[in-house]
Participant: 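This is the structure, below, for whatever I ask next.
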Number of protein chains: 2
Amino acid sequence: MNLPIYRHLFNQLKDKILRGELKPGDMLQSENELAQQYSTSRLTVRKSLSMLDNEGFITSFPGKGYYIIEPDHSKYILLFNELNSGSKNNLYSKLLGVNATNPDAAICQKLQISCNHKVVVILRLLYSNEGPIAYDIKYIPYDRGRPIVEKAIEYAALPDMVAKKSSPFAIKKELCIYIDKSNPEINKSLCLHESEPLLVVEQSLYDYENKPIGLGKTYYGGEHGKIRAYSNMRE
Amino acid sequence: MNLPIYRHLFNQLKDKILRGELKPGDMLQSENELAQQYSTSRLTVRKSLSMLDNEGFITSFPGKGYYIIEPDHSKYILLFNELNSGSKNNLYSKLLGVNATNPDAAICQKLQISCNHKVVVILRLLYSNEGPIAYDIKYIPYDRGRPIVEKAIEYAALPDMVAKKSSPFAIKKELCIYIDKSNPEINKSLCLHESEPLLVVEQSLYDYENKPIGLGKTYYGGEHGKIRAYSNMRE
DNA sequence: AAGTGGTCTAGACCACATC
DNA sequence: ATGTGGTCTAGACCACTTC
């Protein structure tokens, strides 16, 4: 035990919120009142309150006070990495092919390039000990001096393929999850007998000026197509 | 302009990180050094650094210093509300039916209740000006004094239906996205001619003791089955 | 022993909201 | 005029790491 004062106050206030004693819209005591009650300084109280703010429980208005927030129930955290599927099973990756081609119009549009712009296409099969899991395809515009190392191609997730340049923080990502029919190529790789609807996770990567720098599609077969997300409430 | 000092320092450091001048693993200058350089106090420096910490750029180790973090490229933010589909189109809700029944074994298992436990089942159709979007079904265990108001049934999202008791913060959510075939009932509502694979968003709600308090499934027809998520990089 | 971050105090001045 | 939160100072002591 022997928590720091700010931790103690934080826990007490958070508890009141979680138990419903403090409801959305309610105003908290002022910083000075809390400082007196807990026999501490204003800074220590502010530390507790800023933590509650960071975790989405309260906001403050200059000259007015602190208020309990109306929680946003639509927000979820989604963890997605095509090479690390929820860490439930070991996932392996096998390179099926790499080539530089002119992709079709839909891909060109998504990458915001002209149709004669060369694109590196990387095909991979993702599988576990029990068999194939997903068919994975990446499109990376081929330009400037951006080398793609062989090892990266087989064992890297999309962000790590393209984020070599500049900073790994200067990257924006977008995910789109939808249904698409499999094609003969995918059927063969995933051991499907006929064309089936598959769950597709499409990953778009942009640099800091919003220029597309990579596009990935992962087609999950049968029972493997389950994407999960969680509320970000602290443990 | 005239930003506060801590804001100024925060921006400068964040810029260095985004431009790649500071890379993952690099150590920052010490609090005292930064305080001297910016002719300010240690507290002001600490404010900047704690903001960078909160936004996932750096960590600190007592006795050692501050270090740039290896960013987690698998983290996404997913916004889901069955009644507010990305705010692109106005979405309406029509109540198809409400009844209290004993649901099948799969539902009972997910709600962790016995098979003779009554469950309130709510069926809704979600549609826009252009036609039906999704078929929505909720399962809420019927027990204790938890009244469900009529208006809530037609116009509320699942978290708002069940979070009346205690605090709206004391709720854990889980989302699972997968493919399922439509049944005749769904076909009729969504104007489908035959059984089709649909994108399903399954929402599980738990109270603070991890007891299930609600289950929702939303079946999206055709082109409407697109779920998006974004990296949490600021603005 | 010296330097680092973690916690904390006792003040100060400001812009803002309320009355 | 008073109270509120927002910013900031100049100290202090502690536990920790490194040398």
Side-chain angles (χ1 to χ4, degrees), chain A residues 1-17 21-71 234-235, chain B residues 1-17 21-71 234-235:
Chain A
M1 287 302 248
N2 243 338
L3 289 175
I5 304 174
Y6 78 88
R7 241 332 201 161
H8 187 69
L9 174 53
F10 169 81
N11 286 341
Q12 293 218 352
L13 289 173
K14 186 176 161 183
D15 246 47
K16 283 190 183 179
I17 297 173
E21 190 176 326
L22 288 169
K23 290 189 176 61
D26 288 357
M27 193 173 81
L28 268 63
Q29 292 164 285
S30 76
E31 295 178 350
N32 285 317
E33 285 171 3
L34 287 170
Q36 277 194 11
Q37 274 184 38
Y38 286 82
S39 309
T40 185
S41 73
R42 218 185 120 205
L43 182 72
T44 302
V45 170
R46 280 180 66 77
K47 170 97 179 165
S48 309
L49 296 176
S50 86
M51 286 172 68
L52 288 168
D53 190 339
N54 281 328
E55 303 204 0
F57 291 109
I58 65 176
T59 347
S60 56
F61 299 95
K64 301 183 74 175
Y66 288 86
Y67 294 85
I68 309 284
I69 276 184
E70 193 75 44
R234 322 291 147 182
E235 77 249 69
Chain B
M1 287 301 252
N2 242 341
L3 289 174
I5 304 175
Y6 78 88
R7 243 328 202 163
H8 186 68
L9 175 53
F10 169 80
N11 285 341
Q12 292 218 352
L13 290 173
K14 185 176 161 181
D15 246 46
K16 284 190 184 181
I17 296 173
E21 190 177 325
L22 288 170
K23 292 190 176 62
D26 288 357
M27 192 172 82
L28 268 64
Q29 291 164 285
S30 76
E31 295 179 351
N32 285 318
E33 284 171 2
L34 287 170
Q36 277 195 11
Q37 273 183 40
Y38 285 81
S39 309
T40 185
S41 72
R42 220 185 117 203
L43 183 72
T44 302
V45 171
R46 280 180 66 77
K47 170 97 178 162
S48 309
L49 296 176
S50 86
M51 286 171 68
L52 288 168
D53 190 339
N54 280 329
E55 301 203 3
F57 291 109
I58 64 176
T59 348
S60 54
F61 300 95
K64 300 181 75 175
Y66 288 86
Y67 294 84
I68 310 284
I69 276 182
E70 192 76 43
R234 319 293 145 179
E235 90 246 74

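Naming: A, B, ... by sequence-line order, numbering from 1 per chain.
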Participant: Have a look at A:Ile5 and say if it touches a base, only the backbone sugar-phosphate, or nothing, with a 4.0 Å heavy-atom cut-off.
Facilitator: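 Since only primed, P, OP1 and OP2 atoms lie under 4.0 Å of A:Ile5, the category is sugar-phosphate.
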Participant: Report the distance from atom CE of B:Met51 to atom C1' of D:dT7, rounded to the nearest whole Å.
Facilitator: 13 Å
Participant: Give the rounded distance in Å between these two atoms: CD of A:Glu33 and C1' of D:dG5.
Facilitator: 13 Å
Participant: Whole angstrom is fine here: how far is it from CG in B:Leu49 over to P in C:dT7?
Facilitator: 14 Å
Participant: For the pair made of NZ in A:Lys47 and C1' in C:dG5, what is the distance, rounded to whole Å?
Facilitator: 11 Å
Participant: Would you kindly compare B:Gln29 and A:Arg7 by the position of their nearest DNA chain C nucleotide and give the one closer to the 5′ end?
Facilitator: B:Gln29
Participant: Would you mind reading off the distance between B:Asn2 atom CG and D:dC8 atom P, rounded to a whole angstrom?
Facilitator: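 The distance from CG of B:Asn2 to P of D:dC8 comes to 10 Å, rounded to the nearest Å.
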Participant: Whether the side chain of A:Asn54 engages the backbone of A:Ser50 through a donor-acceptor N/O pair (distance < 3.5 Å, no angle test) should be reported.
Facilitator: yes
Participant: Could you tell me which residues satisfy salt bridge (Lys or Arg N to Asp or Glu O under 4.0 Å) with A:Arg42, sequence neighbours excluded, listed by chain and number?
Facilitator: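 Here the qualifying residues are A:Glu31.
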Participant: Give the rounded distance in Å between these two atoms: CG of B:Asn32 and P of C:dA2.
Facilitator: 15 Å
Participant: Please list, chain by chain and in numerical order, all residues satisfying side chain to side chain contact (heavy atoms under 4.5 Å, CB included) with B:Pro62, sequence neighbours excluded.
Facilitator: none
Participant: Starting the side chain at C-beta, find the nucleotide from C:dG5, D:dG5, D:dT7 nearest to B:Ser30.
Facilitator: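 That would be C:dG5.
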Participant: From C-beta outward on B:Thr44, which listed nucleotide comes closest to its side chain: D:dC8, D:dT4, C:dG6?
Facilitator: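 Nearest to the side-chain atoms of B:Thr44, counting from C-beta on, is D:dC8.
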Participant: Taking only N and O in the side chain of B:Tyr67, is any of them less than 4.0 Å away from OP1 or OP2 of C:dG5?
Facilitator: no
Participant: Distances under 3.5 Å only, N/O to N/O: pair up the protein atoms with those of nucleotides 10-15 of chain D.
Facilitator:
unit_1: D:dA12; atom_1: N6; unit_2: B:Arg42; atom_2: NH1; d: 3.4

Participant: I need the OH-C1' distance between B:Tyr38 and D:dT7, as an integer number of Å.
Facilitator: 18 Å
Participant: List in chain and number order the residues that pass side chain to side chain contact (heavy atoms under 4.5 Å, CB included) with A:Asp15, two or more places apart in sequence or in another chain; answer none if no residue qualifies.
Facilitator: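 Only A:Arg19 meet the side chain to side chain contact (heavy atoms under 4.5 Å, CB included) criterion with A:Asp15.
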Participant: Residues in side chain to side chain contact (heavy atoms under 4.5 Å, CB included) with A:Tyr38, at least two apart?
Facilitator: A:His8, A:Leu9, A:Gln12, A:Leu34, A:Thr40
Participant: Choosing from D:dG5, C:dT7, C:dT4, which nucleotide comes nearest the side chain of A:Tyr6?
Facilitator: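 Out of D:dG5, C:dT7, C:dT4, the nucleotide with an atom closest to A:Tyr6's side chain is C:dT7.
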Participant: I'd like to know if the side chain of B:Ser48 and the backbone of B:Tyr6 have a donor-acceptor N/O pair within less than 3.5 Å.
Facilitator: yes
Participant: If I take atom CG in residue B:Leu3 and atom C1' in nucleotide C:dC14, what distance separates them, rounded to the nearest angstrom?
Facilitator: 16 Å
Participant: Taking only residues two or more places apart in sequence or in another chain, which ones pass side chain to side chain contact (heavy atoms under 4.5 Å, CB included) with A:Gln37?
Facilitator: A:Gln29
